[in-house]
Amino acid sequence: MSATVDLGTVFKGTPSGKIIEAKGGTRQLRPHDVVIDIVYSGLCGTDLHYRKADMVLGHEGVGVVSQVGSEVRNFKVGDRAGWGYNHKSCGYCDHCFEGWDTLCSERTMYGVKDLDFGSFGDRAVIDADYVHKIPEGMDLRTAGPFQCGGSTVYGAIVHAGVKANDRVGVLGLGGLGHLAVQYLAKMGCEVVVFSGTNSKREQAMQLGAHEFVASKENPKFEGVKPLSSLIVTTSFLPDWDLYFSVMKRNGTIVPLSVSFDEMKLPYASLLMNQLCVKASLVAPRLIHRQMLEFSARNNIVPMIEELEMNEEGVNTAFDRLDKGDVRYRFVLRNPRYQGPAVK
């Protein structure tokens with residue numbers, strides 16, 4: 001007989017957009033599952049798209065393993081653990097064999113499957129093969145934003161084929177961009193940050209940028225040397241003609257903006273300069289694990305603001321994130337966690 005796990009308190013979306021506290025249901029602990037008692041959760045921009053859905057919200061959860069299934073070998077009770085966007089894949093299709101579990105046609109992704117639990121709650125029950133150990137030396141308080149934000153930008157850098165000494169642009173210095181700058185700087189790249197105004201210049205340089213371009217003050221990008229790659233982290237689609245103009249021939253652009261607008265590209269420039277516009281979903285498991293290890297080893301830390309995981313805290317975080325009023329990630333602390341002390 002498998003154990004029944006009470007998911008405790010959860011926070012769900014509603015048609016009005018107000019996040020409400022609710023009683024979570026129960027889940028069976030299957031042989032390959034682990035139970036994670038949630039201590040912290042990051043709030044990701046993608047969560048905004050689901051605040052009106054009848055589902056438990058959140059996908060940047062970290063906490064402590066409190067139960068393990070009978071067949072679990074890679075986790076034990078007391079381990080610090082986290083999970084991200086994808087909870088399961090088939091394991092035998094071409095994409096899975098190639099290490100692309102996030103592209104599996106049977107993938108179990110946030111917002112589409114497992115709507116009864118999320119990281120805005122007390123507990124998660126997930127297949128242990130899709131859970132990641134939090135490395136020693138990484139503060140659990142700041143580990144949540146790595147589970148999607150860090151995974152997304154690190155994966156984009158890997159998929160773009162970025163190398164040490166490459167000149168790489170980061171468009172937008174927000175929840176994703178401020179992590180991208182740190183990764184690229186630690187990788188030995190020449191990092192150029194693009195933003196609308198100079199208000200974030202000092203912060204960008206402190207994070208490791210070597211150059212800062214304020215597009216409203218230099219709208220033609222005069223004097224900006226060409227880029228090998230550009231990581232687009234804004235919440236909106238940019239003026240592609242403008243950014244194509246500063247790309248090296250054979251360069252790569254990776255858009256990470258979550259937008260449902262039509263994407264119109266300057267085709268002649270794309271063709272004549274042999275540019276590559278390459279989509280990048282959240283990182284598959286191997287790259288996610290490497291991202292956590294790289295982050296811990298190089299002391300990469302997201303800049304966070306902490307709020308309590310209750311109705312007031314969750315709604316405040318959603319409302320302020322929607323307005324762009326955060327530098328640069330919200331983390332929600334679960335006041336109901338009663339497990340062993342963690343750091």
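Here the side chain of Ser151 pairs no donor or acceptor atom with the backbone of His288 at under 3.5 angstrom. Between the side chain of Thr142 and the main chain of Asp139, a donor-acceptor pair closer than 3.5 Å is present. When atom types are taken as modelled, the side chain of Asp79 and the backbone of Ala81 share no donor-acceptor pair closer than 3.5 angstrom. Looking only at distances, no side-chain donor or acceptor of Ser195 sits under 3.5 Å from a matching main-chain atom of Ala214. Under a 3.5 Å cut-off, the side chain of Lys133 and the backbone N or O of Asn74 do form a donor-acceptor pair. Between the Arg80 side chain and the Met138 main chain, a donor and an acceptor come within less than 3.5 Å of each other. Under a 3.5 Å cut-off, the side chain of Gln182 and the backbone N or O of Val301 do form a donor-acceptor pair. The backbone N or O of Gly144 sits nowhere less than 3.5 Å from a side-chain atom of Arg329 that would complete a donor-acceptor pair. Remark: the backbone N or O of Pro226 is paired with a side-chain donor or acceptor of Arg167 at under 3.5 angstrom. A donor-acceptor contact shorter than 3.5 Å is absent between the side chain of Asp322 and the backbone of Phe318.
Gln203 and His178 form no side-chain donor-acceptor contact under 3.5 Å, judged by distance and modelled atom types alone. Between Tyr183 and Asn298, the side chains place no donor N or O within less than 3.5 Å of an acceptor N or O (distance only, hydrogens not considered). Side-chain polar atoms of Thr4 and Gln28 form a donor-acceptor pair below 3.5 angstrom. Side chains of Glu21 and Asn310: no donor on one and acceptor on the other come within 3.5 Å.
Hydrophobic clustering (side-chain heavy atoms under 4.5 Å, transitive across Ile, Leu, Val, Met, Phe, Trp, Tyr) keeps Tyr337 apart from Phe11. Both Leu332 and Tyr50 are assigned to one and the same hydrophobic cluster, defined by single-linkage of ILVMFWY side chains at heavy-atom distances under 4.5 Å. Tracing side-chain contacts under 4.5 Å through hydrophobic residues (I, L, V, M, F, W, Y), one reaches Ile134 starting from Val64; they form part of the same cluster. The cluster map of Ile, Leu, Val, Met, Phe, Trp and Tyr, joined by side-chain heavy atoms under 4.5 Å apart, puts Val62 and Ile36 in different clusters. Val277 and Val158 fall into different hydrophobic clusters, where Ile, Leu, Val, Met, Phe, Trp and Tyr residues are linked whenever their side-chain heavy atoms come under 4.5 Å apart, directly or through other members.
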Derivation and outcome, side-chain contact (heavy atoms from CB on, under 4.5 Å), residues Ser41 and Met309 | CA-CA 8 Å; Ser41 173; Met309 191 187 292; 3.9 Å; yes
Can Met247 and Ile253 be said to form a side-chain contact (heavy atoms from CB on, under 4.5 Å), step by step?
-> CA-CA 8 Å; Met247 296 302 300; Ile253 298 173; 3.9 Å; yes
Can you check side chain to side chain donor-acceptor pair (under 3.5 Å) on His32 and Asp129, steps first, answer last?
-> CA-CA 8 Å; His32 292 279; Asp129 289 342; 5.3 Å; no
Salt bridge (charged side-chain N to carboxylate O under 4.0 Å, His left out) evaluation trace for Arg336 with Asp37 | CA-CA 10 Å; Arg336 295 166 302 281; Asp37 288 357; over 6 Å; no
Step-by-step ring pair (Phe, Tyr, Trp, His ring centres under 6.0 Å) determination, Phe260 to His49 = CA-CA 11 Å; Phe260 298 97; His49 295 283; 5.7 Å; yes
Would you please test Ser280 and Leu256 for side-chain contact (heavy atoms from CB on, under 4.5 Å) and show each step?
-> CA-CA 7 Å; Ser280 181; Leu256 299 177; 4.2 Å; yes
Salt bridge (charged side-chain N to carboxylate O under 4.0 Å, His left out) between Arg320 and Glu305, worked out | CA-CA 11 Å; Arg320 286 182 53 193; Glu305 181 176 341; 2.8 Å; yes
Check step by step if side-chain contact (heavy atoms from CB on, under 4.5 Å) holds for Val35 and Val65.
-> CA-CA 6 Å; Val35 179; Val65 174; over 6 Å; no
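In this structure, Val39 and Arg333 have side chains that are not in contact, with every pair of non-hydrogen atoms separated by 4.5 Å or more. With contacts defined as side-chain heavy-atom distances shorter than 4.5 Å, the pair His87/Arg107 does not qualify. You'll find the side chain of His210 stays beyond 4.5 Å of the side chain of Val192, heavy atoms only. Residues Val168 and Val191 fail the side-chain proximity criterion, which asks for heavy atoms closer than 4.5 Å. At a threshold of 4.5 Å between non-hydrogen side-chain atoms, the residues Cys90 and His95 do not count as touching. The shortest side-chain heavy-atom distance between Val282 and Asn86 does not fall under the 4.5 Å cut-off. Inter-residue side-chain proximity for Tyr110 and Leu57 is flagged as met; some heavy-atom pair is nearer than 4.5 Å. A 4.5 Å side-chain heavy-atom check between Lys186 and Ile300 finds at least one atom pair inside the cut-off.
Note that CD1 of Ile126 is 7.5 Å distant from CG of Asp114, once rounded to the nearest 0.5 Å. Rounded to the nearest 0.5 angstrom, Leu173 CG and Leu207 CG are separated by 6.0 Å. A distance of 12.0 Å separates CD in Glu306 from CZ in Phe330, rounded to the nearest 0.5 Å. The distance from the CD atom of Glu136 to the CZ atom of Arg297 is 14.0 Å, given to the nearest 0.5 Å. Note that CG of Leu184 and CD1 of Ile157 are 4.0 Å apart. Values are rounded to the nearest 0.5 Å. Taking CG of Asp319 as the reference point, atom CZ of Arg51 lies at 5.0 Å (rounded to 0.5 Å).
Environment of CZ in Arg201: crowded, with over 12 heavy atoms of neighbouring residues, nucleotides or ligands closer than 6.0 Å. Annotation: Glu71, atom CD; neighbour count of heavy atoms from other residues, nucleotides and ligands within 6.0 Å is above 12. Within a 6.0 Å radius of CD in Gln290, other residues, nucleotides and ligands contribute more than 12 heavy atoms. Counting non-hydrogen atoms of neighbouring residues, nucleotides and ligands closer than 6.0 angstrom, the CD atom of Glu202 reaches no more than 12 such neighbours. Other residues, nucleotides and ligands place more than 12 heavy atoms under 6.0 Å from the CG atom of Asp325.
Heavy atoms only, all atoms of each residue included: Phe75 and His132 are closest at CZ-C, 3.9 Å. The two residues Cys148 and Glu60 come nearest to each other via the heavy atoms CB-OE2, 3.2 Å. When all heavy atoms are compared, the tightest approach of Asp101 to Ser89 is CB-OG, 3.4 Å. Taking every heavy atom of both residues into account, Pro266 and Asp241 meet most closely at CB-OD1, 3.2 Å. Of all non-hydrogen atoms in Gln147 and Gly82, the two that sit nearest each other are OE1-C, 3.9 Å.
In this structure, Arg285 forms a cation-pi arrangement with Tyr130, its terminal cationic atom sitting closer than 6.0 Å to the ring centre and no more than 45° off the ring axis.
The aromatic ring centroids of Phe221 and Phe194 lie less than 6.0 Å from each other. Phe294 and Tyr154 have their aromatic ring centers within a separation under 6.0 angstrom.
Between His159 and Trp100, the angle of the ring planes lies from 30° to 60°, which puts this pair in the tilted group.
Lys23 has a carboxylate O that lies under 4.0 Å from a charged side-chain N of Asp6, or vice versa, which qualifies the two as a salt bridge.
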